[in-house]
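Only one structure is covered here, and it is reproduced in the block below.
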Amino acid sequence: MEDTNRRSTARLSVPAQSALTVALILGSLIMLAPFFVMLVVSLWPNEAFLARHFPLNQITLANFVETFRVIPFGRYILNSAIVTLIVTVFQILISSLAAFAFARLRFRGREGLFLLYLATLMIPTQVTLIPNFLIIRSLGWYDHYQALIVPALFSALSTFLLRQYYRSVPLDLDEAARMDGASSLRIWWQVIVPLSWPVMSALAIFTFQGAWNDFLWPLVVTNSDKMRTVPIGLSYFVGQYSTAWNLLMAGSVIALLPVLVIYLLAQKKFVQGITLTGMGGR
Amino acid sequence: MSRRSWSVLSVLAVVIMLVTACSPVPATQAPAAAPAAATPVTLTWAFWGSPEEAVSHKAVADAFMKEHPEIKVETWNEPWDNYFTKIQALWASGDPKAVPDIAFLWPTPKYAAEGVLENLDPYIQKSGYDLNDYWGGLLESAKYKGSVYGLPRDNEINVLYFNKDLFDKAGVKYPDENWTWDDLLAAAEKLTVKDASGKVTQYALAMEGGKYSKWVNQNGGAILDDYVNPSKCLLSTPESIAAVKFFSDMMNNGYAMRDADLSQAGGDQAVFLSGQAAMIIQNTSRVSSFNAAKMNYDVAVVPIPAGGKRWNPAGGAAWVMSAKSDNKDAAWTFLSWLQGKDGGEKLYTERGEIFPALQSVANSSVFMTDQPPANKKGIVAEAAASGVGGFGYFPEWDELDSSVIGPAMQKIWAGEADPAQALPELCKLADQFLKDKGFPKQ
């Protein structure tokens, strides 16, 4: 991929290339601006933000400390971490097995069943919120980790994306493995999974991000500080009469860090994944 | 198996252990709930606010449990902007165990119309609870079809805050109860500071546009002919138009901050703290932050037009009882204690968190302290002028206000529309809205 890029830019004339560079720099500045504002507001007292005046001698890290004092933010981060990690690992595993079945195994009603799965993508979460809540209540999971984790373990969207990718892997590989006596599960684990690391890691980032930022469901199924997650904690800073912008932004910076680290670590795979799943154009 | 598959398996095992480690929690809680029924009754009490804000509510709950050991109060708080989402989801689920028994709520009529609230009339009659101690018009905001569905905790009293330093600097006398609109305008002229280019650097007044009903009612105007069952918009009467024009002219002359500029600048609290505005008109929720900043300020009654009357929009969020509560008698015991002059009302007022809904508490030493602002009598004088007229008490009010009245008013505050023209047009739309919704209802 790098090769094609180098070749295509080489064909551009010097003015065209500099124009392109300027446009890209401008674009990234616009994209970075909100993050910059977030960082600035998090480093000054709330009064500085309200007055839109940020004197350098008032710069402080106190907001980050205060965030942990005003709300049990450490506990929220722990909860978010537990939930997000389990959801990410299991959603990928379970969806991968489902996608394998839909892409490689032949059974009656396969296409019909798959269409049903896809149909669930059309129903907005707000509609299923109350029925899901009632199920969680009746299982006795209200305000427990299970309520945060179990409903997110399976995803129709992840299954769909993985199935599309698995279908592009030549069937000959399966047949060869079967001739050697491999079971379906072994084909999944030793043939399909190793070939689909890029798409799986991209999906893992999406899932991680989605679970880390999820707001409505944790709000409804948790009740105590023991079970709250980071996004709910952040909304405590928006009060009835005033908003603690400095704490809100300091909390947001902290909440952003894990996603940022994961993204930077997996950036290459992420971009590959976007290209492979057809979710971004290059 | 390869090393990689072993490592995957061990991750799996750890995760399964984690998940199963969580599962005994409900098992241990279930038996704990059973004997609780034999000993004290447990009530769930819901309010909005951060864990930090919840501290004072928890102190109130503790004080109650000391007096009533037979009732256990468990608190439940959510962030302000999500509280309503969550509580509606809980009611929609119809699960009485999940729904709080007593909740803080606004606006009460909307929820009463949905049938999720308990009618408090029978409890009030049986216990002889005194409704006459509430400020005038305040209980209207918690009534639906003539019955009381909630007990308001506080009353929103809008007073004039003024920065003494800025008044001294401009050589203007402090406002008092004799001030009229003309006095306010004369002071505003002196308190407005412009730079060489004509840009205003210090405004005389900052007030949210949404509080315009104060001027309208002071001047004998009104928003609607009836606030429970309206048939007509009255913002097009000469009195209403003159009142809106008084306020919009102050903005057009640069005396008062435009609504959009005010929110851009962080609201009235921020501009008053920073000295960008010499006066603000706002409820008593600002007192604690101005005291914390050690500002040199005081409050006064809001000036009225010559021949007009003092008027304050009665309103405050109320404690309600869920129709799904399974401990209604205990819930009433708690509710009437919360709203009793020796119970919750007193504790919240002592902590400086509310202007009390009960007249007896406001007139007692609990409110009349030596903490700033000095002019507590001014606040009580505004409170005594509380009445209906700031907003509608019918469930469709929110929609009427946000889709018809609000947008037209925004144009006036922005200086894009003349009240004499815009208000009659607004009323035409509002009348149509009311007709479409079937008002006036029989």
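Per chain, numbering begins at 1; letters A, B, ... match sequence-line order.
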In terms of heavy-atom pairs under 4.5 Å with chain B, which of A:Y142, A:F237, A:W245 leads? A:Y142
I'd like to verify something: which residue of B:A89, B:G266, B:A98, B:A92 has the highest number of heavy-atom pairs under 4.5 Å with chain A? B:A98
Contact origin within B:S93 toward chain A - heavy atom pairs under 4.5 Å: both
Taking all non-hydrogen atoms of both residues, which atom of A:A99 and which atom of A:L162 are closest, and how far apart? CB-CB, 3.5 Å
Pairs under 3.5 angstrom only: tabulate donor-acceptor contacts from the side chains of residues 87-98 of chain A to other protein residues two or more places apart or in another chain.
| residue | atom | partner | partner atom | Å |
| --- | --- | --- | --- | --- |
| A:T88 | OG1 | A:T84 | O | 2.6 |
| A:Q91 | OE1 | A:S158 | OG | 2.8 |
| A:Q91 | OE1 | A:T207 | OG1 | 3.4 |
| A:Q91 | NE2 | A:A152 | O | 3.0 |
| A:S95 | OG | A:Q91 | O | 2.7 |
| A:S96 | OG | A:Y166 | OH | 2.8 |
| A:S96 | OG | A:W188 | NE1 | 2.7 |

Checked A:L219, A:L134, A:V193 vs chain B; the most non-hydrogen pairs under 4.5 Å come from A:L219
Interface moiety of A:R69 toward chain B, non-hydrogen atoms closer than 4.5 Å: side chain
Which answer fits A:I232, side chain, backbone, both or neither, if we ask what part of it has an atom under 4.5 Å from a heavy atom of chain B? both
Counting only non-hydrogen atoms closer than 4.5 Å, does B:S289 touch chain A with its backbone (N, CA, C, O), its side chain (CB onward), both, or neither? neither
Ignoring hydrogens and geometry beyond distance, is a side-chain donor-acceptor pair present between B:T201 and B:D195 at under 3.5 Å? no
Portion of A:I130 that has a non-hydrogen atom of chain B nearer than 4.5 angstrom: side chain
Part of A:N223 lying under 4.5 Å from any heavy atom of chain B: both
Contact leader toward chain A among B:E53, B:Q269, B:Q264, B:Q276, where contacts are heavy-atom pairs under 4.5 Å: B:Q264
Parallel, tilted or perpendicular: which one describes the rings of B:W48 and B:F84, with boundaries at 30° and 60°? tilted
Can B:R286 be said to sit on top of B:F272's aromatic six-ring, NZ or CZ under 6.0 Å from centre and within 45° of the ring axis? no
Heavy-atom proximity to chain B below 4.5 Å, by part of A:F49: neither
side-chain contact (heavy atoms from CB on, under 4.5 Å) partners of A:I254, counting only residues at least two apart: A:F64, A:F68, A:F73, A:I77
Checking B:N77 against chain A: side chain, backbone, both or neither under 4.5 Å from a heavy atom? both
Between B:N82 and A:Y236, do the side chains contain a donor N or O and an acceptor N or O under 3.5 Å apart? no
Inspect the surroundings of NZ in B:K324 and state if more than 12 heavy atoms from other residues, nucleotides or ligands are less than 6.0 Å away. no
